[in-house]
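Any value given below was found using the heavy atoms of this structure, including those in side chains, with hydrogens, waters and symmetry copies removed. Letters A, B, ... mirror the listed sequences (proteins, then strands); counts begin at 1.
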Amino acid sequence: MLRDDLTHRLQSAVERLKGSVIADTDYSVEFTEPKNPAHGDFATAFALTNSKTTGAPPPLVARALAEALQADSTFTSASAVSPGFVNVTLSDAYLAEWTVRSHRRGEALALSETDRPLKVLVEFVSANPNGPIHVGHGRGAAYGDSLARLLEATGHKVSREFYANDGTNSLQMQLFALSVRSRYRELVGLPPDFPEGGYAGDYIGQIAEEIRAARGDLHGEDGLEFWQPIAQDMMTHWQRRDLEAMHVVFDTWISEQSLHDSGKVAECMERLKQSGVIYEEDGALWLASSKFGDDKDRIVVRSNGQPTYIASDIAYHKDKFDRGWEHLINVWGADHHGYIARASAAIQALGYPKDALEILVMQLVRFLQGNEVVPMSKRSGDMVTLRELMEDVGPDVARFFYLMRSHDTHMDFDLDLAREHSEKNPVYYIQYAHARICSLLEKAKEAGFVADETCASDLADPAERDLIKKVCDLPFEVRRSAQLREVHRMTTYAIELARTYHNFYEKCRVLAPENPERTRARLLLCELTRSALRATFSILGISAPEKM
RNA sequence: GCCCCCGUAGCUCAGGGGAUAGAGCAACUGCCUUCUAAGCAGUGGGCCACAGGUUCGAAUCCUGUCGGGGGCGCCA
C-alpha cells in the first residue's frame, strides 16, 4: 500500500544517514498527514522523535534527511522545518501510479495481509435466551460483526459465535419459562400461575401465542421439562431473526446446557482437579484463580453439587480451543468487566497463554428521545427492541450510529437524529457520495466516456490529489482499525472520504467533452472512489445505494 | 473501600506525544440555466474538568482531586 511504500522510502533515506549524521541503530520511522495542508502531503518528525538516539541536534538531522529524500524522485520537495520536521510533497506521477494500482484492485483495495494470520473466534452479543435482543445489545452486535469483517479484511480466518446461557438450573431461565407458561394458560382458558419475580413484558405473551400456534392447546399443565426448552427455542429463534435484520449473522450458536449434557463440563472439572488448580473447601470446589491474576479464588461447584456458571464458562473456552481456534475475542458489555480477571485466570489454569483470550468491553449506550432517556429493563419488559429499531430507522442507520463512537466510551444514541431522513443524518452524507458517483458514471457511460489508466497523470488539481491520497489510505485505515480493534475509525474515515469526494465534485467537473483525456482520468478517480466507498461500507455493514 | 470507562464548542462525540484542536447537530451568511443542493463555501462559538509532574514539546503520558456512568454473589 501507499503508506508502506512511503515508509520504505523514508527508511532508506534514514539508512543513508546512519554512521555519518546519525548513530547506526534502529529507528522508528513514520510519515504522518500534516494538519495544515501548507505543510505538504506528508511529514515526518523523525529528527524529533528519535533525538535521544540519533546523537545529533534535530534541525541538523532534519536538514540531512530532507536532502536524502530529495534524491528520491517520488518527492518533488522535501524541506526541513523548525524545530525538526521534514515536510514532503509527492510527485503527480507517483500519485498517478498509485491511482492506477489502487484502481486495479477494485474493492479488494481494502484488503491487506497480516504477517501472522490467525484463526480467530469472535464471540459477541451472547444474550440470555429469556428476552428479545434489545437496542442495548445492538451496539455489541454491530461492533462484533464489523470487527470480524475488519479481521477478515486483514487476512485472518474468522468465525462469529453466539453463546447462550441456557442452563436448565438457571433461576432466570426457569422464571422465564414459567412466565411464558402462565401467559399460555391464559390463552387456553386456564387460570394463570405467574411466578414471583417473573417476566412481565408483552413479548412473553407473544412467545406463548407462537408456541400455541405451533404446539396446540395441550400443554398448560406441563412442567419446566416441557416449557423451558420450548420457550428458549422460540426466544432464540426471535433473537436470530432480529439480529439478521441488522445483517448480523452468526456462524455458530452454542448452548451452555449442551456443554453439561455432553459431559464436557464435568470432564473439564476433572482435568483441572488433576492438574491441581481446583481444590475443595467448605464443601465446594474452588478454582485457584488467584494464582492466575484474579483477586480471589472462585467457586466452580457449589456445596450442593451444582456447578456455577464459571464451570461451564471454563469448559466453553476450552471447547473453543479444542475446536481449533487460536485466538479468542469476547465482546462483553461493561457490566461484565468484573469477570475479565476470572475468565483470563480460567484459560491460564487450562494451560493456555494469557494473550490467547482477548476481552473487549463495550461501554453502555443510552437511548435518547427528545431529551428523555429511554428506560431499559428486561424483567419489566420496558425496552426498545432491536427489531423495533430496525423498523424505525433500518439497519444502515442503526449500524452506523452504533459504530460512530469508540466501543470503549459511553454513548448516547440520538433516536430523533437517527430517524431524520434528510441531510442532517450523517449516514446519508456518506451514502450520497456513492449515489452521486453512480449517477455520474451512468451519465459518462451514456456519453461514451470510459475511464482510462493512461490518463491518470492528468490528475494534478489539489482536490484530485486530496482524493487520491484519501482513497489510497483505505488499506492503511483498515489495518490500523483492525489492529487497534477500533471499528469507529472506519466511520470517521467514511465521512472524510465522502467529504473529500464531495469537495472534488464541486471543484472538478468530470464530464467535459472539450477535454476527453482529463475526463477519462477523472472517471478513473471516480471509479476508484466508488470502490473505496463500497469496501468501507461493506466493513461497516451498510448498503451502498446507487440512487437517492 | 476496590476495579473499568468518561469529562474537549450550546448538545452528541472524534483527535490519545508534535506545527494554527476537528466533525455532526443547533445558530448565522452566501452558492442550483451545466455531471444528484441528502452538496459546497464561509461566520460565530473552546483556560481540552482542576492541580501537580515527565518531556525540546502534553488535550494526548504519570500522580492526585473533583464530577458522571458501570461493576465488585455458592446469580447468569
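- The side chain of A:Lys35 approaches B:A59 more closely than any other nucleotide in the set B:G15, B:A38, B:A59.
- When heavy atoms are screened at a 4.0 angstrom cut-off, A:Arg499 is found touching the sugar-phosphate backbone but no base atom.
- Under the Watson-Crick and G-U wobble criteria, each requiring two contacts below 3.5 Å, nucleotide B:G45 is left unpaired.
- Spacing between B:A51 and B:G15 at atom P, rounded to whole Å, works out to 25 Å.
- At the heavy-atom level, A:His488 lies under 4.0 Å from the strands shown only through sugar-phosphate atoms.
- Comparing B:G1 with B:U65, their P atoms are spaced 10 Å from each other, to the whole Å.
- Where stacking is scored as ring centres under 5.5 Å apart with planes under 30°, A:Tyr429 does not register as stacked on the base of B:A38.
- Nucleic acid contact class of A:Cys526 (heavy atoms, under 4.0 Å, all strands): none.
- Here A:Tyr143 and A:Phe124 keep their ring centres 6.0 angstrom or further from each other.
- Ring geometry, A:Trp253 versus A:Phe250: the interplanar angle exceeds 60°, so the pair is classed perpendicular (tilted spans 30 to 60°).
- Atoms NZ (A:Lys52) and C1' (B:G57) sit 10 Å apart, rounded to a whole Å.
- Nucleic acid contact for A:Met411: sugar-phosphate only, since backbone atoms but no base atoms lie under 4.0 Å from a heavy atom of the residue.
- Separation of the C1' atoms belonging to B:U55 and B:G17 is 9 Å when rounded to the nearest angstrom.
- Residue A:Thr409 is in sugar-phosphate contact alone, with no base atom involved, counting any heavy-atom pair closer than 4.0 Å across all strands shown.
- The partner of B:C2 is B:G71, judged by Watson-Crick or G-U wobble contacts that both fall below 3.5 Å.
- Comparing B:A21 with B:A59, their P atoms are spaced 10 Å from each other, to the whole Å.
- As the counterpart of B:A14, no nucleotide is assigned, since no Watson-Crick or G-U wobble pattern has both distances under 3.5 Å.
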| note | 5' to 3', nucleotides 67-76 of chain B under a 4.0 Å protein heavy-atom cut-off (B base, S sugar-phosphate only, - none) gives -BBBSS-BBB
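- B:C40: Watson-Crick or G-U partner is B:G30, with both key distances under 3.5 Å.
- Because its glycosidic torsion is more than 90° from 0, B:C72 is reported here as anti.
- Not one side-chain nitrogen or oxygen of A:Lys443 sits closer than 4.0 Å to the OP1 or OP2 atom of B:U34.
- Per the geometry, NZ belonging to A:Lys445 stands 20 Å off P belonging to B:C35, to the nearest Å.
- A:Lys547 comes within contact range of at least one nucleobase, with a heavy-atom separation under 4.0 Å.
- Contacts of A:Thr49 with the nucleic acid, taken as non-hydrogen atoms under 4.0 Å apart, include base atoms.
- The separation between A:Phe85 atom CZ and B:U20 atom P is 9 Å, rounded to whole Å.
- B:U20 and B:A58: their P atoms are spaced 12 Å apart (whole Å).
- Counting non-hydrogen atoms of other residues, nucleotides and ligands closer than 6.0 Å to CG of A:Asp26 gives a total of 12 or fewer.
- When A:Arg499, A:Glu506, A:Lys507 are each tested for a side-chain hydrogen bond (donor to acceptor under 3.5 Å, both in side chains) with A:Asn503, only one passes: A:Lys507.
- If you take atom C1' in B:U33 and the same atom in B:C28, they sit 29 Å apart, rounded to whole Å.
- Remark: the separation of the P atoms in B:G42 and B:G24 is 12 Å, to the nearest Å.
- Just one of A:Phe85, A:Phe31, A:Tyr27 meets the ring-ring contact (aromatic ring centres under 6.0 Å, His included) condition when paired with A:Phe46; it is A:Tyr27.
- Residue contacts shown for A:Val510 include a base, since a base heavy atom lies under 4.0 Å away.
- A:Lys469 has no carboxylate O lying under 4.0 Å from a charged side-chain N of A:Glu33, or vice versa, which leaves the two without a salt bridge.
- Looking at the side chain of A:Arg489, the nearest of the listed nucleotides B:G18, B:G16, B:C5 is B:G16.
- When the side-chain nitrogen and oxygen atoms of A:Lys424 are compared with OP1 and OP2 of B:C25, none of them lie within a distance under 4.0 Å.
- Nucleotides B:G45 and B:G22, compared at atom P, are 14 Å apart to the nearest Å.
- One atom, CD1 of A:Ile430, and another, C1' of B:A23, lie 13 Å apart when rounded to the nearest Å.
- Rounded to a whole Å, the CD atom of A:Glu527 is 15 Å from the C1' atom of B:C35.
- The distance between atom CD of A:Glu506 and atom P of B:U36, rounded to the nearest whole Å, is 12 Å.
- The existence of a salt bridge linking A:Asp473 and A:Lys470 is excluded, since no basic side-chain nitrogen approaches an acidic carboxylate oxygen closer than 4.0 Å.
- Look at A:Arg485 and A:Glu358 and you find a salt bridge, because one of the NZ, NE, NH1 or NH2 atoms lies within 4.0 Å of a carboxylate O, short of that distance.
- Place A:Pro426 and A:Lys507 on RNA chain B by their nearest nucleotides, and A:Pro426 ends up nearer the 5' end.
- Residue contacts for A:Ala43: at a heavy-atom cut-off of 4.0 Å it reaches a base atom on one of the strands shown.
- A donor-acceptor contact under 3.5 angstrom links the side-chain atoms of A:Asn36 to the base of B:U20.
- Atom P of nucleotide B:G15 and atom CE of A:Met404 are separated by 13 Å, given to the nearest angstrom.
- When all heavy atoms of A:Ser481 and A:Met490 are compared, the closest pair comes out as OG-SD, 3.4 Å.
- Remark: B:U63 base-pairs with B:A51. Criterion, Watson-Crick or G-U wobble with two distances under 3.5 Å.
- Nearest nucleotide to the side chain of A:Ala45, out of B:U36, B:A41, B:G18: B:G18.
- The backbone N or O of A:Ile430 lies less than 3.5 Å from no partner atom in the side chain of A:His434, so there is not a single donor-acceptor pair.
- One atom, CD1 of A:Ile542, and another, C1' of B:A38, lie 14 Å apart when rounded to the nearest Å.
- Of the possible polar contacts, none joining the A:Tyr402 side chain to the A:His407 backbone as a donor-acceptor pair under 3.5 Å is found.
- Along RNA chain B, the nucleotide nearest A:Ala435 and the nucleotide nearest A:Val86 are compared for position; the residue whose nucleotide lies closer to the 5' end is A:Val86.
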